[in-house]
Amino acid sequence: MPVKELPKGYNPAEVEDKWYELWLQAGIFTPEFSPDEDSQKPTYSIVIPPPNVTGSLHMGHALNATIQDILSRWKRMGGFRVLWLPGTDHAGIATQNVVERQLAGEGLDRYKLGRKEFIERVWLWKEEYGGRIIHQLKKLGASCDWTRERFTMDEGLSKAVGEVFVSLFDRGLIYRALRLINWCPRCYTALSDLEVEHEEVHGKLTYIRYPLEDKSSYIVVATTRPETMLGDTAVCVHPQDGRYINIVGKNAILPLVNRLIPVITDKTVDPSFGTGSVKVTPSHDFNDEAIAKRQDPPLPFITVIGDDGKMTQEAGRSFAGLDRYECRKKVVEALKERGLIEKIVDHKHSVGHCYRCKTVIEPLATTQWYVNVAEMAANALNVVKDGRIRIIPDGWKNSYYSWMENIRDWCISRQIWWGHRIPVWYCPDCVMENGVLQGEYIYHIFFAKTRGYYEGTYAALKEAGFTHDEILSKSKTIKVGINVVPFILNNSNNVNGVCPKCGSSHIMQDPDVLDTWFSSSLWPFSTLGWPENTKDLKDFYPTGTLVTAFDILFFWVARMIMMGMEFMKEIPFKDVYIHAIVRDAKGDKMSKSKGNVVDPLILIDKYGTDAFRFTLAAFAAQGRDIRFAEDRVEGYRHFVNKLWNATRFIHMNIADFAELDLKTIEEINTEVETIEKTHLNITDRWILDRLAETAEVANNALEDYRFNDAASVIYQFIWHEFCDWYIELSKTSLSCNKKELALWTKRCLLYVLDNTLRLLHPFMPFVTEELWNTLPHKNKFIMETNYPKVLGRDHYAQRKMNYLIDVISGVRNIRGELNISPTKKLCSLIKTLTRECENCLTENKDYIINIAKLEKLDIAADVDKPKGAAVSIKPELEVFVPLAGIFNVKDEADRIEKELNKTEELIKNLDKKLLNEDFLGRAPKAVVDKEKAKYEELIEKQQKLIENLSKMKELQE
RNA sequence: AGGCGCGUAGCUCAGUGGUGGAGCGCUACCUUGACACGGUAGAGGUCAGGGGUUCGAUACCCCUCGCGCCUACCA
């Protein structure tokens with residue numbers, strides 16, 4: 001093996017980009033990398049949770065991607081043909097917001113640009129900035145197959161969206177309905193229930209008197225939103241509420257508006273809240289809407305707040321045009337003037353906010369598209385219940401169940417432009433059953449006043465001389481009445497299509513686009529080529545594991561399961577691994593507005609990707625959030641450096657062994673694995689055993705998605721067994737005059753190093769690749785090798801090695817506690833209590849002498865403790881270090897006394913236990929035996945300590 | 001309101017029905033020929049509090065307190 005000279009420390013910056021580039025060039029991330037072998041392999045696939053194309057990498061992404069990369073690399077090394085498919089999400093509302101902000105900077109808005117041009121602008125933006133997060137994932141070392149990168153607005157994925165929409169539409173599972181929805185007046189669109197974030201706010205509860213029509217009295221209602229009273233159409237009490245029994249059925253006079261509204265009953269009213277009587281505003285409150293619909297006949301809906309968050313004409317002259325909050329003040333003032341405010345009290349309640357812009361949501365009656373999810377949800381529930389899909393950790397299953405059991409139809413239309421446009425058309429020229437043109441129910445609002453017109457029905461505008469194309473091109477908003485019949489064109493891209501019913505060519509497409517999550521719900525199969533029957537689909541669907549955080553369990557995971565079952569008739573993934581949310585060190589969620597975000601790229605810059613990734617893995621305990629602490633990253637950077645230097649040591653110490661020249665690491669591995677164990681020295685055998693156990697534990701942990709356990713067992717092995725013990729001991733092995741033995745130690749060093757690098761590679765791809773490539777090898781990249789798995793255990797070596805460790809740590813302990821300089825050479829005598837122990841120590845005397853810094857070592861069964869010696873008591877041996885003249889007698893006496901106290905404490909506890917009849921009778925025999933053995937050992941130790949202590953005391957006198 | 005989770009060394013966190021663990025920090029000694037991004041030794045915890053189950057509880061059950069999150073039609 002040629003001599004390698006490594007620099008003294010590891011410099012990630014010099015290494016990372018180089019390897020990533022080489023990996024890409026070689027195509028090692030694609031499942032086609034080695035086609036011959038690959039055809040035999042089982043497949044394993046992961047689809048990335050597509051980050052928003054507007055996004056930049058945050059800690060959550062970093063954790064998410066690190067876990068997927070660990071799985072991908074581990075599975076590749078485990079003999080799977082792996083596809084990790086990357087991509088991004090078009091993030092309708094978010095992206096549109098970003099581009100609109102950009103336009104505003106130029107004094108433009110989307111209406112001035114027009115729909116087509118606006119969308120072109122978004123694509124331009126996407127081409128320029130949308131690749132940022134992809135670039136950042138590469139910095140993280142993500143082994144995605146970039147040749148298969150997808151975007152939810154790609155042609156293929158759009159085709160899938162269209163196919164799914166049409167299929168559900170044809171089966172009546174997609175429908176239009178007029179109901180209250182969550183409306184964001186700033187984003188100017190409907191939102192699904194999930195996209196609303198509820199937040200506690202400190203508000204006011206206003207008690208308002210509504211006079212009764214007969215002037216006999218008034219009824220007091222309590223509200224948090226006084227401005228909505230303008231749209232009240234009833235007052236409601238609980239049917240059994242005695243206080244109101246006499247006025248139910250009467251009318252109240254709605255103040256400020258002077259509308260007569262009935263006092264009605266509904267069981268949902270809570271008599272104990274407020275006055276027990278509630279104002280009913282069907283158009284602006286979900287609860288009130290439900291009450292209104294339960295009445296027979298239903299209560300009228302009066303919309304007093306518009307889609308811009310301002311009061312409508314219906315709100316009356318004094319309030320129309322006011323912002324809803326402005327109006328709230330004005331209404332309260334007006335009521336006060338009339339003496340109709342009974343009181344106003346502080347009130348904490350939760351209010352819905354837009355998840356994209358945090359504006360307070362307005363419930364608004366609009367016509368929207370919905371998916372009927374009842375049946376799909378039931379299927380999606382079953383596949384988790386019957387275990388076809390596992391959720392890990394399974395604590396999340398209950399959340400999943402309760403959501404799926406209470407699921408409501410999914411509002412999928414959004415009043416924005418960026419996204420998949422709903423592939424549905426309307427014909428204004430068709431005549432409806434009532435003899436009216438559909439065009440009478442299609443309402444256009446222009447973005448600018450044109451020839452005196454600002455808005456109007458399609459029919460009216462046509463009448464006024466506008467052409468079809470003009471109407472469409474000038475429309476800012478198109479509201480299509482619920483009674484207008486939608487249809488699908490055979491080819492939904494065929495803009496020149498005609499109405500299938502009347503043949504009119506004046507048809508128009510639905511103006512809305514689909515919820516972004518609609519396209520993401522198809523991700524596991526649309527990215528693999530569906531609706532085409534592709535080879536990828538056959539090879540990689542269903543995928544193996546979905547890795548995500550719980551916050552999109554419903555948004556995304558549940559919907560993927562629904563859609564997968566519906567269109568593939570098969571689960572989209574076998575395991576769902578839910579990882580933690582990364583918080584700051586105080587436990588707060590990281591957010592830009594709080595200014596507590598930690599930028600992963602800065603950490604990568606500072607500590608290197610490997611240290612950063614390892615930190616995330618080490619933190620990734622199941623079922624718990626991560627409080628990110630930067631000093632952990634620093635700690636693991638030191639670990640990387642430690643590994644680097646271990647390799648450096650090995651290179652420096654194998655140079656003069658010409659026998660191993662020209663051998664590859666693979667050949668050396670074979671030699672180590674096939675050699676009869678008895679040819680190896682005890683330290684070699686011991687480290688091989690430790691390695692075997694480490695590999696075993698690491699594999700089991702990865703199998704169970706316990707990334708932190710895998711990381712820490714590898715860490716402990718490398719630092720505290722391989723480096724602290726084995727490498728130190730190997731210095732003695734290597735200087736051994738039996739050349740053949742030394743040669744085996746050299747092989748073992750290389751063997752353990754190689755295995756260690758492979759074990760660590762999924763966690764730390766860069767440094768392991770760099771170091772592994774300093775070894776002569778057959779394959780080109782470390783990821784082409786196998787993940788260490790079944791290596792032989794060696795319990796015999798374990799037991800023998802413990803004798804050495806006992807002696808060495810005994811001497812070290814004496815040295816440390818008595819404050820004897822590490823450079824001071826000492827003498828030591830070992831009294832052995834068993835033959836096995838004596839033989840083992842004698843055989844391996846040199847290790848002890850070197851590592852414990854001794855100048856003389858005697859081992860025998862009949863050693864007498866020298867006068868004035870420090871002592872260390874171990875199970876099968878006693879260590880004496882004569883220190884007459886060197887040490888302070890009192891210090892050693894104190895030391896022994898401390899040890900004695902500790903021992904006696906343990907004996908006391910055990911004593912209690914062993915005197916307990918119940919314990920002896922009921923505890924398992926193995927436990928009792930173990931405790932008894934321990935007890936005897938401790939008693940023996942205690943006696944020896946007492947003996948030694950008295951000798952010390954004699955010396956002191 | 002309901003549900004879930006958490007409370008373990010100064011800090012950040014693992015963990016387990018049978019003598020309390022890691023990293024960082026701290027103390028002492030050491031520039032030993034892989035590494036001071038290092039080595040050796042050490043200090044430090046009634047495992048939130050109370051009750052129960054058990055021969056035995058930090059771990060399992062119940063309650064209390066504190067913190068966090070999710071869900072809900074809290075007018």
Side-chain angles (χ1 to χ4, degrees), chain A residues 6 8-10 198 205 221-225 228 236 268-270 273-281 285-291 347-350 395-396 398-399 402-403 406 550-551 553-554 581 583 585 587-589 607 611 615 618-619 621 623-632 634-653 706 708-709 712 715-716 720 723-724 727-728 731 809 812-823 850 853 902 905-907 909-910 912-913 916-924 926-928 930-931 934 938:
Chain A
L6 290 180
K8 217 171 164 183
Y10 173 58
H198 291 273
L205 192 59
V221 297
T223 180
T224 53
R225 302 196 59 196
T228 61
C236 189
T268 58
V269 177
D270 175 6
F273 187 90
T275 59
S277 123
V278 58
K279 58 192 268 321
V280 183
T281 322
D285 185 285
F286 291 105
N287 212 8
D288 294 0
E289 179 197 31
I291 293 175
H347 181 62
K348 216 166 75 175
H349 62 135
S350 103
W396 292 108
N398 286 333
S399 314
S402 73
W403 193 70
N406 297 301
F550 75 87
D551 53 352
L553 185 61
F554 308 137
I581 298 271
R583 300 172 181 284
D588 289 334
K589 208 166 169 173
Y607 303 105
T615 310
F619 260 128
R624 191 184 183 138
D625 286 349
I626 293 175
R627 288 196 197 197
F628 195 81
E630 191 171 326
D631 58 4
R632 287 285 286 264
E634 195 180 349
Y636 291 124
R637 183 186 61 173
H638 296 169
F639 173 57
V640 175
N641 196 58
K642 187 79 181 173
L643 178 69
W644 180 270
N645 277 289
T647 309
R648 186 163 174 262
F649 167 83
I650 291 170
H651 278 296
M652 290 168 76
N653 284 280
R706 287 179 288 111
N708 59 324
D709 289 341
S712 81
Y715 178 97
Q716 291 299 327
H720 298 303
C723 292
D724 285 353
I727 287 187
E728 288 309 318
K731 291 172 184 171
S809 50
R812 280 173 171 176
N813 183 278
I814 289 167
R815 212 188 259 281
E817 298 231 311
L818 295 178
N819 244 330
I820 297 162
S821 163
T823 45
N850 286 344
K853 304 271 185 310
K902 239 194 257 178
E905 188 64 29
L906 293 173
I907 289 173
N909 290 339
L910 268 181
K912 221 161 51 187
K913 199 181 252 188
N916 185 339
E917 286 298 325
D918 287 331
F919 172 72
L920 296 174
R922 300 197 192 212
V927 174
V928 176
K930 209 172 114 197
E931 301 292 81
K934 234 186 303 180
L938 285 169

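Residue numbers begin at 1 in each chain, while the letters A, B, ... track the order of the sequences. None of these values were measured; they are calculated from a predicted model.
- Both A:H349 and A:H198 lie close to RNA chain B; mapped to their nearest nucleotides by heavy-atom distance, the more 5′-ward contact belongs to A:H198.
- Look at A:K731 and you'll find a side-chain N or O under 4.0 angstrom from OP1 or OP2 of B:rA34.
- Between the CG atom of A:D724 and the C1' atom of B:rU32 there is a distance of 15 Å, rounded to whole Å.
- The residues A:E905 and A:K902 are annotated as not salt-bridged, no charged nitrogen and carboxylate oxygen being separated by less than 4.0 angstrom.
- Side chain A:K642 to base B:rC35: a donor-acceptor pair is found below 3.5 Å.
- At a threshold of 4.0 angstrom between heavy atoms, the contacts of A:Y10 with the nucleic acid are absent.
- Listed candidates were B:rA75, B:rA41, B:rC35. Nearest to the side chain of A:E817 is B:rA41.
- Protein atom CZ of A:F639 is 13 Å distant from nucleotide atom C1' of B:rC35, rounded to whole Å.
- Applying the Watson-Crick and G-U wobble criteria (two distances, each under 3.5 Å), B:rC65 pairs with B:rG7.
- Judged by Watson-Crick or G-U wobble contacts below 3.5 Å, the nucleotide B:rA41 has B:rU27 as its partner.
- Nucleotides B:rU58 and B:rA48 have their P atoms positioned 9 Å apart, rounded to a whole Å.
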(request) Sugar-phosphate atoms are those with a prime plus P, OP1 and OP2; base atoms are the rest. Using that split, label each nucleotide of nucleotides 14-25 of chain B B, S or - for protein heavy atoms under 4.0 Å, 5' to 3'. (result) S---BB--SSS-
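- Among the nucleotides B:rC74, B:rA34, B:rG42, the one closest to any side-chain atom of A:N813 is B:rG42.
- Residue contacts shown for A:S399 are absent, as no nucleic acid heavy atom lies under 4.0 Å away.
- A gap of 10 Å separates the C1' atoms of B:rC47 and B:rA9, to the nearest Å.
- With rounding to the nearest 0.5 angstrom, the CG atom of A:N653 is 8.0 Å from the NZ atom of A:K731.
- Using N1 to N3 plus N6-O4 or O6-N4 for Watson-Crick, or N1-O2 and O6-N3 for G-U wobble, each under 3.5 Å, B:rU58 pairs with nothing.
- A gap of 23 Å separates the P atoms of B:rG20 and B:rC24, to the nearest Å.
- Contact of the A:K853 side chain with the A:T823 side chain is not registered, since no non-hydrogen atoms from C-beta on lie closer than 4.5 Å.
- Residue A:S350 is classed as a base contact, given a heavy-atom separation below 4.0 Å to a base.
- For the P atom pair drawn from B:rG7 and B:rA14, the interatomic distance equals 8 Å after rounding to whole Å.
- Counting only heavy atoms from C-beta outward, the side chains of A:R706 and A:N708 approach each other to under 4.5 Å.
- Nucleic acid contact for A:S277: base, since at least one base atom lies under 4.0 Å from a heavy atom of the residue.
- For B:rA34, the base has a donor-acceptor partner in the side chain of A:E728 [N/O atoms by modelled type, under 3.5 angstrom].
- Rounded to an integer number of Å, the gap from A:F273 CZ to B:rA1 C1' is 13 Å.
- Looking only at distances, no side-chain donor or acceptor of A:R632 sits under 3.5 Å from a matching main-chain atom of A:F619.
- Distance alone, capped at 3.5 Å, is enough to place a donor-acceptor pair between the A:N645 side chain and the A:N641 backbone.
- Going from atom CD1 of A:I727 over to atom P of B:rG33 covers 16 Å, rounded to whole Å.
- Nucleotides B:rG18 and B:rC60 have their C1' atoms positioned 15 Å apart, rounded to a whole Å.
- Rounded to a whole angstrom, the distance from the P atom of B:rC26 to that of B:rC11 is 15 Å.
- In this structure, the nucleotide among B:rC30, B:rA75, B:rA34 sitting nearest to the side chain of A:S821 is B:rC30.
- Residue contacts shown for A:V640 are absent, as no nucleic acid heavy atom lies under 4.0 Å away.
- Smallest separation of non-hydrogen atoms from A:G274 and A:A222: CA-CB, 4.4 Å.
- Straight-line distance from the NZ atom of A:K853 to the P atom of B:rG39: 13 Å, rounded to whole Å.
- In this structure, A:Y636 has its ring center at least 6.0 angstrom away from the ring center of A:Y607.
- Partner assigned to B:rC47 is none, using Watson-Crick or G-U wobble distances below 3.5 angstrom.
- Comparing A:A618 and A:A646, the nucleotide of RNA chain B nearest to each residue sits closer to the 5' end for A:A618.
- For the pair A:L920 CG and B:rG56 C1', the computed distance is 12 Å after rounding to whole Å.
- Atom P of B:rA28 sits at a distance of 37 Å from the matching atom of B:rG50, rounded to the whole Å.
- Comparing the P positions of B:rA59 and B:rG51 gives a spacing of 13 Å, expressed to the nearest Å.
- Taking atom CG of residue A:L818 and atom P of nucleotide B:rG42, one finds them 11 Å apart after rounding to whole Å.
- In this structure a side-chain-to-backbone donor-acceptor pair under 3.5 Å is present from A:R648 to A:L6.
- The aromatic rings of A:F550 and A:W396 sit parallel to each other, their planes meeting at less than 30°, with 60° as the upper class boundary.
- Under the Watson-Crick or G-U wobble criterion, with both distances below 3.5 Å, B:rU32 has no partner in any strand shown.
- Across B:rU32, B:rC55, B:rC73, the shortest atom-to-atom separation from the side chain of A:N287 is found for B:rC73.
- Distance A:I650 CD1 to B:rC35 P: 14 Å, rounded to the nearest Å.
- Looking at heavy-atom distances under 4.0 Å, A:C723 makes contact with a base.
- B:rU71 and B:rA1 make up a base pair, with Watson-Crick or G-U wobble contacts both under 3.5 Å.
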